[in-house]
S.K.: 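Take a look at this one; I'll ask things after.
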2 protein chains.
Amino acid sequence: MGRVKVQKMPTIRRLPTYLYRLNEMRKEGTSIVATPELARYMDIGEIVVRKDLSITGVTGQPGVGYKIDELIAAIREFLGWNVETKAVLVGAGSLGSALIGYDGFEEYGLSIIAAFDRDPAKAGTVMRGRPVIDMVELEGFVRNHKISMGILCVPAAVAQDICDIMVKSGIRSIWNFANVALKVPADVIVQREVIAGGLALLSVKRLRHFAETDDEEE
Amino acid sequence: MGRVKVQKMPTIRRLPTYLYRLNEMRKEGTSIVATPELARYMDIGEIVVRKDLSITGVTGQPGVGYKIDELIAAIREFLGWNVETKAVLVGAGSLGSALIGYDGFEEYGLSIIAAFDRDPAKAGTVMRGRPVIDMVELEGFVRNHKISMGILCVPAAVAQDICDIMVKSGIRSIWNFANVALKVPADVIVQREVIAGGLALLSVKRLRHFAETDDEEE
DNA sequence: TAGATTGTTAATCGATTAACAATC
DNA sequence: TAGATTGTTAATCGATTAACAATC
């Protein structure tokens with residue numbers, strides 16, 4: 001099922017946030033950054049930041065910090081974001097629209113070149129600068145443009161069908177925002193996003209927090 | 001900064017997915033489920049599933065499985081989702097629209113009762129059945145309706161300002177989809193969603209996977 | 001009774017944190 | 001030289017996995 005074990009998941013998840021902040025700082029004209037500053041920004045410990053950054057192989061200057069340019073380049077290379085990845089997005093609803101309009105992706109080496117939708121009324125339109133194409137064209141388009149990544153934003157009920165078409169067309173990694181566990185061959189990688197997971201975390205934090213507050217009041 | 005340490009994060013993140021699947025099964029008329037089936041669905045090990053479920057306190061029947069009704073009730077209670085939480089959403093763009101339209105939230109005890117936007121043209125309209133209100137009304141609305149949760153879907157540049165208004169109005173937990181680290185008082189909890197984190201994970205999996213495939217070809 | 005599954009206890013593994021020498 | 005920060009090594013902690021007795 002394309003299950004690839006990845007270590008240091010928490011670190012990898014944080015890398016885009018470092019990258020985002022480092023890009024901001026570069027725009028502001030800063031060229032050096034030290035861990036205490038990043039730690040404050042990320043709201044995590046300094047040691048965590050240093051361990052995180054060490055995964056990229058960059059070395060900083062003791063007493064000074066890290067070169068921002070080096071860090072940016074190293075993070076992008078570590079994630080493979082220095083090479084452009086072409087992707088198609090399927091499901092031109094509001095979530096699809098939000099994703100296609102997120103311009104940070106360009107910075108992350110992700111280029112969403114077209115959106116697909118089942119609705120004939122949407123086909124032929126332009127969404128945030130990208131063409132919306134009828135679903136029947138998906139397979140041919142992916143083959144012709146040698147697309148390797150698919151972003152799935154369709155309702156759960158049709159997700160597996162669309163997934164099958166993607167796989168058949170040659171797509172090898174799928175970013176899945178539909179609420180289903182997709183079945184794919186072993187050489188296809190799926191990353192499933194479950195936004196409710198974040199809500200669950202927030203809910204538990206609230207409960208713990210209220211419990212603590214109650215304790216203090218006793 | 002409202003940092004609450006939460007253990008068993010991976011388990012908590014998975015709970016909504018169990019809940020979703022269990023609800024599906026209940027609708028299909030099933031009343032008992034065993035770990036092997038859930039493990040296949042989640043694409044994780046059986047032992048993981050059992051450990052995950054044990055956090056809720058439910059006990060299954062050896063040789064048989066768990067009662068689906070019991071599991072659903074226990075997960076909802078563990079997450080505090082058996083009690084309705086009223087929330088407002090700020091930023092009626094495409095992401096906001098996607099979130100407000102997600103009907104799964106009702107099942108999760110989350111009731112988004114209104115959306116707010118700076119754009120006067122949007123104020124007075126209805127989005128997916130919820131009123132869109134001008135931002136200036138936010139503080140009064142939150143106070144009047146005793147809203148405790150805010151969902152932040154505004155551009156990064158204005159996120160801190162909106163966050164400040166939320167906090168001032170009495171909101172105590174914020175689900176933050178803006179790409180910034182919010183500064184909040186100690187008694188306010190923030191859950192930040194970084195979708196690019198998932199993309200980073202997918203990217204690394206791809207790199208590892210390709211590396212493995214190359215090895216095999218040698 | 002046989003087969004299946006639960007749930008506990010122990011063992012392994014990895015991630016986080018602490019301490020500190022090395023460096024600018 | 002003094003102050004600050006890096007990066008390594010060791011210690012702690014928690015999560016994952018394995019083994020297996022208990023139960024239906």
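Per chain, numbering begins at 1; letters A, B, ... match sequence-line order. FYI, side chains are in, hydrogens and waters are out, and symmetry mates aren't considered; it's all heavy atoms of this structure. For clarity, every value in this text was computed on a predicted model and none was experimentally measured.
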S.K.: What pairs meet the salt bridge (charged side-chain N to carboxylate O under 4.0 Å, His left out) rule with one or both residues in residues 22-35 of chain A, with sequence neighbours excluded?
M.R.: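 For residues 22-35 of chain A, and leaving out neighbouring residues, the salt bridge (charged side-chain N to carboxylate O under 4.0 Å, His left out) pairs sorted by first residue read A:Arg21-A:Glu24, A:Arg26-A:Asp69.
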S.K.: What does B:Lys51 touch in the nucleic acid at a heavy-atom separation under 4.0 angstrom: a base, only the sugar-phosphate, or nothing?
M.R.: base
S.K.: If you take any heavy atom closer than 4.0 Å to DNA chain C, which residues from residues 63-70 of chain B end up in contact?
M.R.: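 Within residues 63-70 of chain B, the residues near DNA chain C are B:Gly63, B:Val64, B:Gly65, B:Tyr66.
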S.K.: State, with a plain yes or no, whether a side-chain heavy atom of B:Asn176 is found less than 4.5 Å away from one of B:Gln191.
M.R.: no
S.K.: So if I take residues 13-38 of chain B and measure heavy-atom distances to DNA chain C, which residues fall below 4.0 Å?
M.R.: B:Ala34, B:Thr35
S.K.: Which is the 5'-most and which the 3'-most nucleotide of DNA chain C that has an atom under 4.0 Å from a heavy atom of chain B?
M.R.: C:dA4 to C:dT9
S.K.: Do B:Trp175 and B:Tyr108 have ring centres separated by under 6.0 Å?
M.R.: no
S.K.: Under the rule for salt bridge (charged side-chain N to carboxylate O under 4.0 Å, His left out), what residues qualify as partners of B:Arg128, not counting sequence neighbours?
M.R.: none
S.K.: Considering residues at least two apart in sequence or located in another chain, which fulfil the ring-ring contact (aromatic ring centres under 6.0 Å, His included) criterion with B:Tyr20?
M.R.: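 Applying ring-ring contact (aromatic ring centres under 6.0 Å, His included) to B:Tyr20 gives none.
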S.K.: When the nearest nucleotide of DNA chain C is assigned to B:Val58 and to A:Asp52 on a heavy-atom basis, which residue is associated with the more 5' position?
M.R.: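 Looking at DNA chain C, the more 5' nearest nucleotide goes with B:Val58.
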S.K.: Under the rule for salt bridge (charged side-chain N to carboxylate O under 4.0 Å, His left out), what residues qualify as partners of B:Arg130, not counting sequence neighbours?
M.R.: B:Glu106
S.K.: Would you mind writing out the side-chain donor-acceptor pairs for residues 78-89 of chain A within the sub-3.5 Å range, not counting sequence neighbours?
M.R.:
from    : atom 1 : to       : atom 2 : distance (Å)
A:Trp81 : NE1    : B:Ser203 : OG     : 2.7
A:Thr85 : OG1    : B:Arg206 : NH1    : 3.3
A:Lys86 : NZ     : A:His145 : O      : 3.4

S.K.: With sequence neighbours excluded, give me every salt bridge (charged side-chain N to carboxylate O under 4.0 Å, His left out) pair touching residues 149-168 of chain B.
M.R.: B:Glu139-B:Lys168
S.K.: Any donor and acceptor pair, going by atom type alone, linking the side chain of B:Asn179 with main-chain N or O of B:Ala156 inside 3.5 Å?
M.R.: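 Not at all, since once roles are kept as given, no pair shorter than 3.5 Å links the two residues.
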S.K.: Which residue lies toward the 5' end of DNA chain C, A:Pro62 or A:Pro10, if each is placed at its nearest nucleotide?
M.R.: A:Pro10
S.K.: Step through the shown structure and confirm whether more than 12 heavy atoms of other residues, nucleotides or ligands are within 6.0 Å of CZ on B:Arg118.
M.R.: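 It does not: B:Arg118 CZ has 12 such atoms or fewer within range.
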S.K.: When all nucleic acid strands are considered with a 4.0 Å heavy-atom cut-off, which category describes A:Thr59: base, sugar-phosphate, or nothing?
M.R.: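 The answer is sugar-phosphate, as A:Thr59 gets under 4.0 Å only of primed atoms, P, OP1 or OP2.
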S.K.: Which atom pairs, one a donor and one an acceptor, fall under 3.5 Å between side chains of residues 60-68 of chain A and the rest of the protein, sequence neighbours left out?
M.R.:
none

S.K.: Name the stems with DNA chain C in them: runs of three or more consecutive Watson-Crick or G-U pairs, distances under 3.5 Å?
M.R.: C:3-24 with D:3-24
S.K.: Could you check whether A:Gln7 gets within reach of a base, just the sugar-phosphate, or nothing at all, counting any heavy atom under 4.0 Å?
M.R.: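 Sugar-phosphate contact only - A:Gln7 comes under 4.0 Å of backbone atoms but never of a base.
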S.K.: Could you name each residue pair satisfying salt bridge (charged side-chain N to carboxylate O under 4.0 Å, His left out) that touches residues 52-61 of chain B, not counting sequence neighbours?
M.R.: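 Salt bridge (charged side-chain N to carboxylate O under 4.0 Å, His left out) check on residues 52-61 of chain B returns B:Arg14-B:Asp52.
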S.K.: Report yes or no: does B:Ser97 contribute a side-chain atom to a donor-acceptor pair with the main-chain N or O of B:Gly93 at less than 3.5 Å?
M.R.: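 It does not hold such a pair.
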